[in-house]
Amino acid sequence: MFLKGKRALITGSTSGIGLAIARALHAEGAEVVLNGFGDADEIAALCDELGAKHSGADLTNVGQIEAMMAEHAAVDILVNNAGMQHVSPVEDFPVDKWDKIIALNLTAAFHTSRLAIPHMKQQGWGRIINTASAHSLTASPFKSAYVAAKHGIAGLTKTLALELAQDGVTTNCISPGYVWTPLVENQIPDTMKARGMTREQVMNDVLLAKQPTKKFVQPAELGALAVFLCRDEAQNVNGANWSMDGGWTAE
Ligand code: NAD
């Protein structure tokens, strides 16, 4: 329970990776603030489970980010995790989707960070953890906005790491490959039908084609990594881009 007395805000934590990170930080005693969309009853149940507060702020909206940060001030651990994807050839890429992905996957982290940093500096302790992606290090076709935003957040991470290096605040990003979240799981039946493949073929030859271990990253593994980055033993892990992608970016 080494995080007792610390407050953690995890964006995009009503499902998937963000929720797993929230659970892992809560298990170490952190007071947790959840953010994200979803069914009101399910979110209320998560708040009960974790003794957490919830902000429904839309992080593509600067005013809503500012209101969230004003309401949940004094954040010691900030996890910028909310993100979205859109797949399209660049010449057809919907302009509003480009703007939204850059706003959510990159610009939101600038705003939450600039608003959280004064308290962290004042305390002389803080942790900023950004969920980037294997796509912060490498590209795939048809994901221009996502790849640009994820490369961007890797650069923002390094810049904050340098600026805050002497303030007791570390900034790192974690870069998963394919993670077993409901988002991925729900694609399998349709892909089996569309391609005439078995479940195993879809998993190995489509989803995990780039992941050498042929295993999905589990959200709880990312939760464990986030916990490690909060430890005193990780005080010199700063500005890192920590891959958890089964070897994808080693190729
Ligand atoms: P998810 O869809 O399960 O969760 C996304 C979360 O973001 C949800 O809580 C959702 O409500 C929230 N959200 C969406 N739009 C929002 C908005 N406008 N404002 C506030 N919250 C919003 O996705 P996930 O798979 O858990 O992904 C989380 C992060 O991990 C993303 O940044 C994603 O790019 C990254 N990532 C995921 C994978 C993967 O394979 N799943 C791989 C690499 C990186």
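Numbering of ligands and ligand atoms starts at 1, following listing order. Counting from 1, the numbers follow the sequence of the chain as shown.
- Checked by atom type and distance alone, the side chain of Asn35 pairs as donor or acceptor with a backbone atom of Ala57 at under 3.5 Å.
- Ser136 places no side-chain N or O within donor-acceptor distance of the main-chain N or O of His151, the cut-off being under 3.5 Å.
- With 3.5 Å as the limit, one finds no donor-acceptor pair spanning the side chains of Thr138 and Lys210.
- Formation of a donor-acceptor pair under 3.5 Å by the Asp39 side chain with backbone atoms of Asp41 is found in this model.
- In summary, the atoms of ligand 1 found under 4.0 Å from a heavy atom of Ser13, numbered by their order in the structure, are 9 (O).
- Annotation: atom 9 (O) of ligand 1 to nearest protein heavy atom, Thr14 OG1, 2.7 Å.
- Of the heavy atoms in Thr181, only side-chain atoms (C-beta onward) come closer than 4.0 Å to ligand 1.
- Ring geometry for Tyr178 versus Trp248: interplanar angle under 30°, hence parallel rather than tilted (30 to 60°).
- Under the 4.0 angstrom criterion for non-hydrogen atoms, Thr131 is in contact with ligand 1.
- The closest protein non-hydrogen atom to atom 26 (O) of ligand 1 is Ile17 N, 2.8 Å.
- Residue contacts with ligand 1: Met84 is placed with no nitrogen or oxygen under 3.5 Å of a nitrogen or oxygen of the ligand (distance criterion only).
- Annotation: side chain of Ile21 is in contact with side chain of Ile174 (closest heavy-atom distance under 4.5 Å).
- Looking at Pro219 against ligand 1, nothing comes within 4.0 Å, counting heavy atoms.
- Here Lys158 contributes atom NZ and Thr171 contributes atom OG1; the two are 13.0 Å apart, rounded to the nearest 0.5 Å.
- Within the set Ala57, Gly12, Gly177, Gly56, the minimum heavy-atom distance to atom 20 (C) of ligand 1 is found for Ala57.
- The nearest protein atom to atom 4 (O) of ligand 1, hydrogens excluded, is given as Ser15 OG, 3.3 Å; this is a heavy-atom distance.
- The side chain to side chain contact (heavy atoms under 4.5 Å, CB included) test with Leu229 is passed by exactly one of Asn238, Ile128, Ile129: Ile129.
- Distance from atom 40 (O) of ligand 1 to its nearest protein heavy atom, with residue and atom name: Val179 N, 2.9 Å.
- Considering backbone and side-chain N/O atoms, Asn105 never comes within less than 3.5 Å of an N/O atom of ligand 1.
- Shown in contact with Asn35 at under 4.0 Å from a heavy atom are these atoms of ligand 1, numbered in order with element: 20 (C), 21 (N).
- Using a 3.5 Å distance cut-off with no hydrogens or angles, the side chains of Asp245 and Thr249 do pair a donor with an acceptor.
- Between the side chain of Asn130 and the backbone N or O of Ala109, no donor-acceptor pair lies under 3.5 Å.
- Heavy-atom distances between Ala20 and ligand 1 stay at or above 4.0 Å for every pair.
- Looking only at protein heavy atoms, the nearest one to atom 2 (O) of ligand 1 is Leu183 CD1, 3.3 Å.
- Looking only at distances, a side-chain donor or acceptor of Lys214 sits under 3.5 Å from a matching main-chain atom of Leu208.
- Between the choices Tyr146, Tyr178, Trp180, Phe37, the shortest heavy-atom distance to atom 36 (N) of ligand 1 belongs to Tyr146.
- Put simply, no part of Ser175 is less than 4.0 Å from ligand 1, judged by heavy atoms.
- Checked against a 3.5 angstrom limit, the closest N/O atoms of Val184 and ligand 1 fall outside it.
- Residue contacts with ligand 1 leave out Lys100, since none of its heavy atoms falls under 4.0 Å from the ligand.
- The closest approach between Gly38 and ligand 1 stays at or above 4.0 Å for every heavy atom of the residue.
- Ligand 1 is never approached by Ala103 to a heavy-atom distance shorter than 4.0 Å.
- A donor-acceptor contact shorter than 3.5 Å is absent between the side chain of Asn81 and the backbone of Thr131.
- For Glu42 (side chain) and Leu46 (main-chain N/O), no donor-acceptor pair under 3.5 Å exists by modelled atom type.
- Counting heavy atoms closer than 4.0 Å to ligand 1, residue Gln85 contributes nothing at all.
- In the vicinity of Gly36, heavy-atom distances shorter than 4.0 Å reach the ligand 1 atoms 11 (O), 21 (N).
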Do Lys6 and Glu28 pass the salt bridge (Lys or Arg N to Asp or Glu O under 4.0 Å) test, and can you show the C-alpha distance, the side-chain angles, and the key distance before you say yes or no? CA-CA 10 Å; Lys6 303 279 194 236; Glu28 291 296 345; over 6 Å; no
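- Annotation: atom 31 (C) of ligand 1 to nearest protein heavy atom, Asn81 O, 3.2 Å.
- Distance screen at 4.0 Å: atom 23 (O) of ligand 1 has no protein heavy-atom neighbour inside the cut-off.
- Looking only at heavy atoms of the protein, atom 19 (N) of ligand 1 is closest to Leu59 N, 3.0 Å.
- In this structure, of Pro176, Gly83, Gly16, the residue bringing a heavy atom nearest to atom 5 (C) of ligand 1 is Gly83.
- Residue-level proximity to ligand 1 for Ala134 is absent, since no heavy atom of it falls below 4.0 angstrom.
- Side-chain atoms of His86 do not come within 3.5 Å of backbone N or O of Lys97 as any donor-acceptor pair.
- The part of Leu104 lying near ligand 1 is the side chain, judged by heavy-atom distances below 4.0 Å.
- With hydrogens and angles disregarded, no donor-acceptor distance shorter than 3.5 Å links the side chain of Arg127 to the backbone of Val227.
- Side-chain contact between Val179 and Glu221 is absent, with no heavy-atom pair separated by less than 4.5 Å.
- Among all protein heavy atoms, the one lying closest to atom 18 (N) of ligand 1 is Asp58 OD1, 2.9 Å.
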